[in-house]
Amino acid sequence: MRSMMFVALVALAAPAIAQTGSADARLKTLYDAEWKWRTDELGQDPEGGRGGSAHLPHVDAASQQRRYAYWTKALQDLNTIPFDQLSPEERINAEVFKTALEGFVVEQKYKEYEDPFGFWTWIAPRGGFRSADQYRAYLGRLSEMSRFIDEQIVNMRAGLKRGFTKPRVSLGDRWKPIEPLASSDLAVNPLYAAFAQIPSSVPTAERDALVAEGKAAVAKAAPSFAKLLTFVRDDYIPKARTATAAEALPDGKAYYVAKIRQYTTTELTPEEIHAIGLKEVARIDADMQATMKQSGWTGDFQGFLHFLKTDPQFTAKTPYDLIAKSTYVANKITGQLKYTIGLLPRYRGNIVPTPANIAPFATGGNGGLESCLMNTYNLPARPLYTIPPLTAHECAPGHSFQAALALEGPNRPAIRKQTYFSGYGEGWGLYTEWLGIKMGIYETPYDEFGRETYEMWRAARLVIDTGLHHKGWTRDQALDFLKSHTALSDHEVTIEVDRYINDPGQALAYKLGEMLIRRERAKAEQTLGAKFDQRFFHDTLLGLGSVPLPTLERVLDKWIADGGPNPNPTIVDAK
């Protein structure tokens with residue numbers, strides 16, 4: 001039962017919205033007010049710029065309770081607005097806003113802030129900033145690092161006390177990425193790296209002053225990370241929970257269902273998702289068997305997997321070789337984009353190695369607006385046959401490409417431009433791997449098997465995540481399942497399974513989102529016949545920005561019913 005104090009906070013937290021006026025106007029008043037409150041409260045740039053605020057958010061329990069109250073009230077207010085009276089665009093806005101608010105309420109309700117393990121992996125910027133003002137904002141954040149870390153340690157102690165932690169078996173030595181952040185050697189401390197990249201547009205005297213302030217600020221912040229390192233290594237990890245399943249957490253069964261809904265934006269149950277996963281695994285296994293035979297392999301499947309994982313021809317000799325392979329694939333994709341997507345973004349990123357301090361625990365790659373990361377740590381664990389699908393997924397036309405389109409998209413509310421749903425974003429990323437077949441990026445049976453390995457990997461996640469968190473699977477069961485069905489390296493298998501253990505439900509979004517997009521495409525091709533143009537299909541999908549999967553399905557169904565029109569008729573036809 002909620003406390004009287006919480007009820008009072010709910011009543012006072014969010015501004016009341018007028019019950020008169022059009023539904024569109026009422027909705028806009030509500031989401032504009034929430035966005036301003038959110039960006040102020042969390043220290044975010046309301047325009048989504050990389051510079052960020054000059055302050056780190058307060059993450060203490062009182063601040064978290066205030067957010068819980070505000071978002072609960074905002075959701076209540078939103079539910080008084082009749083969605084059926086909204087204009088088409090505002091209905092999408094409302095569905096995005098409601099799903100985002102529901103996610104915030106879930107996170108606060110279950111006190112996820114008491115398990116911030118790993119927050120240090122994103123604390124250092126990926127690169128430099130564009131202006132002196134952005135550097136000054138970063139200096140402001142560095143000045144608050146001690147307070148921020150102290151609050152996070154208090155949160156983690158509270159999580160330890162009630163058993164709300166990551167499972168100990170999945171943590172190992174994940175304290176190691178904190179070490180360089182605690183270093184007094186600026187050459188190795190990631191917090192300082194941005195100050196070595198101040199652009200030449202900043203006058204020399206100002207640049208020198210910023211560098212001097214940066215050195216002092218990082219030196220002042222480092223002891224806080226040393227304190228965090230000691231706590232995480234010597235206290236937190238040894239006392240973390242021993243149970244693996246999310247359902248073993250406090251109110252765990254409800255929590256896991258809530259996380260599935262948050263990540264997938266569907267109402268599917270763990271049992272339904274597990275069954276979908278098993279069916280997909282069987283389908284993709286048949287494809288892999290056929291590709292194995294096409295390659296000329298005459299042995300059994302497990303022997304083929306061993307060959308792929310151990311033969312030197314599939315391993316990059318140097319980090320440069322791996323980045324070069326990814327760049328080659330990206331270049332092939334670039335040549336096909338004009339036939340694949342109508343509206344192309346002006347914004348361009350690049351392909352760079354994953355930062356060294358997080359690379360040992362990071363996935364094979366990560367897409368982002370500024371750059372697409374390829375992990376060059378432990379090269380034998382990064383087989384070259386998986387680089388084509390990884391590049392399509394993370395770089396173009398996957399995450400980095402989609403992020404650029406979102407940045408340059410229509411003049412929509414910030415909640416549309418800066419909200420991210422995994423089902424949509426990761427579904428698109430996985431779909432682009434399949435789209436790579438049409439782009440010709442898989443040049444050999446080994447490349448195609450690499451794509452199928454990646455597809456199998458995402459299908460296996462449906463089985464493994466629900467197995468771990470709902471069906472009582474052990475970590476070893478999950479490891480064995482992924483090893484026996486894919487050509488992923490043992491290192492990647494371990495990193496991935498531990499990720500599923502540590503983030504219940506997140507891994508389910510990829511395959512469910514991709515399956516929806518491919519179903520809609522197949523429906524469009526069948527219904528529209530010769531009128532189907534994949535550029536218009538992709539532009540409609542990408543033009544929405546990140547939306548819940550039911551919204552995506554509804555909009556694409558309407559696009560099909562309307563005859564598959566070009567959503568950007570002013571674009572010159574490239575055919």
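FYI, side chains are in, hydrogens and waters are out, and symmetry mates aren't considered; it's all heavy atoms of this structure. What you are looking at is a predicted structure, and each value in this text was computed from that prediction instead of being measured.
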Look at the side chain of T39 and the backbone N and O of K36, then say whether any donor-acceptor pair between them is shorter than 3.5 Å. yes
Within the supplied structure, the quantity of interest is the number of heavy atoms (other residues, nucleotides, ligands) at a distance under 6.0 Å from K531 NZ; does it exceed 12? no
Tell me whether D465 contacts the main-chain N or O of G505 through its side chain, where contact means a donor paired with an acceptor under 3.5 Å. yes
With a 4.5 Å heavy-atom cut-off, do L405 and P345 have their side chains touching? yes
Please assess R518 against E455 for the test salt bridge (charged side-chain N to carboxylate O under 4.0 Å, His left out), listing each intermediate value before the final yes or no. CA-CA 13 Å; R518 287 184 62 177; E455 187 181 16; 3.4 Å; yes
If you take all heavy atoms of A396 and I333, which pair is closest and at what distance? O-CD1, 3.0 Å
What distance separates L508 CG from I464 CD1, expressed to the nearest 0.5 Å? 11.0 Å
Drop me the distance from I81's CD1 to K98's NZ, to the nearest 0.5 angstrom. 11.0 Å
Between H485 and M288 the two heavy atoms that sit nearest each other are O-CE, 3.5 Å
For the student: nearest non-hydrogen atoms of E448 and R451, plus distance: OE2-NH2, 2.9 Å
Residues R461, E496: salt bridge by 4.0 Å N-O rule: yes
Strictly by salt bridge (charged side-chain N to carboxylate O under 4.0 Å, His left out), give each pair with a member in residues 84-97 just once, sequence neighbours left out. E89-R412, E89-R416, R91-E95, E95-R554
Could you state the interatomic distance from CD1 (I123) to CD1 (I358), rounded to the nearest 0.5 Å? 12.5 Å
How close do W428 and P397 get, heavy atom to heavy atom, and via which atoms? NE1-O, 2.6 Å
Is atom OH of Y320 surrounded by more than 12 heavy atoms (other residues, nucleotides or ligands) closer than 6.0 Å? no
Any side-chain to backbone donor/acceptor pair from T265 onto L549? Under 3.5 Å, distance only. yes
Side chain to side chain contact (heavy atoms under 4.5 Å, CB included), that's the test. Do V547 and V555 meet it? Break it down for me. CA-CA 10 Å; V547 295; V555 172; over 6 Å; no
Under the side chain to side chain contact (heavy atoms under 4.5 Å, CB included) rule, what do R521 and F532 come out as? Steps first, then yes or no, please. CA-CA 9 Å; R521 177 174 176 138; F532 174 78; 4.0 Å; yes
Do the side chain of Q197 and the main chain of G128 share a donor and acceptor less than 3.5 angstrom apart? yes
Checking T486 side chain against K483 main chain: does a donor-acceptor pair fall under 3.5 Å? no
Please confirm whether the backbone N or O of L343 pairs with a side-chain atom of D539, one donor and one acceptor, at under 3.5 Å? yes
Measure the CG-CZ distance between L542 and R535 for me, rounded to the nearest 0.5 Å. 14.0 Å
Under a 3.5 Å distance rule, please check whether T432 uses its side chain to pair with a backbone N or O of G429 as donor and acceptor. yes
Apply the side-chain hydrogen bond (donor to acceptor under 3.5 Å, both in side chains) test between R458 and each candidate in E280, E433, E426; give the one that qualifies. E433
Check for a donor-acceptor pair, side chain of N566 on one end and backbone N or O of N568 on the other, with a separation under 3.5 Å. yes
With ring centroids as reference points, do F314 and Y385 lie under 6.0 angstrom apart? yes
Is the shortest side-chain heavy-atom distance between W35 and P413 below 4.5 Å? no
Could you walk me through whether S546 and T419 pass the side chain to side chain contact (heavy atoms under 4.5 Å, CB included) test, one step at a time? CA-CA 6 Å; S546 192; T419 297; 5.7 Å; no
Indicate yes or no for a side-chain donor-acceptor contact from S400 to the backbone of G368 under 3.5 Å, with no hydrogens or angles considered. yes
Ring centres of H469 and Y255 under 6.0 Å apart? no
What's the separation between atom CG in L390 and atom CZ in R382, rounded to the nearest 0.5 Å? 9.5 Å
Using 4.0 Å as the upper bound for N to carboxylate O, is an ion pair formed by K28 and D32? yes
Is there a side-chain contact between Y263 and D503 (heavy atoms, below 4.5 Å)? yes
Walk me through it: do E492 and K309 pass the test salt bridge (charged side-chain N to carboxylate O under 4.0 Å, His left out)? CA-CA 11 Å; E492 284 187 300; K309 292 179 182 181; over 6 Å; no
More than 12 non-hydrogen atoms from neighbouring residues, nucleotides or ligands closer than 6.0 Å to CZ on R346, yes or no? no
Evaluation steps, side chain to side chain contact (heavy atoms under 4.5 Å, CB included), between Y377 and T354: CA-CA 8 Å; Y377 169 82; T354 301; over 6 Å; no
Note: P270 and T466 closest approach over all heavy atoms is O-CG2, 3.5 Å
Taking all atoms of both residues into account, what is the closest heavy-atom pair of A392 and I441, and its distance? CB-CD1, 4.2 Å
Distance, nearest 0.5 Å, that separates OH of Y442 from OG1 of T291: 12.0 Å
Using side-chain heavy atoms (C-beta onward) and a distance below 4.5 Å, is L488 in contact with T453? yes
Ring-plane angle category for F304 and F449, please: parallel below 30°, perpendicular beyond 60°, tilted otherwise. perpendicular
Close side-chain approach of N366 and H399, heavy atoms under 4.5 Å: no
Do Y424 and L541 have side chains that approach each other closer than 4.5 Å (heavy atoms only, starting at C-beta)? yes
Which residues pass the ring pair (Phe, Tyr, Trp, His ring centres under 6.0 Å) test with H274, sequence neighbours left out? none
Give me the ring orientation class for Y431 and W434: parallel if the planes are under 30° apart, tilted from 30 to 60°, perpendicular past 60°. tilted
Strictly by ring-ring contact (aromatic ring centres under 6.0 Å, His included), give each pair with a member in residues 541-564 just once, sequence neighbours left out. F537-W559
Taking the side chain as every heavy atom from C-beta outward, state whether E452 and Q289 have any pair of such atoms under 4.5 Å apart. no
Please examine the side chains of F401 and I341, heavy atoms only from C-beta on, and report whether any two atoms are closer than 4.5 Å. yes
Between H393 and P389, is there a donor-acceptor pair closer than 3.5 Å when you use the side chain of the first and the backbone of the second? no
With a 6.0 Å cut-off (strictly less than), is the heavy-atom count around CD of Q526, excluding the residue itself, greater than 12? no
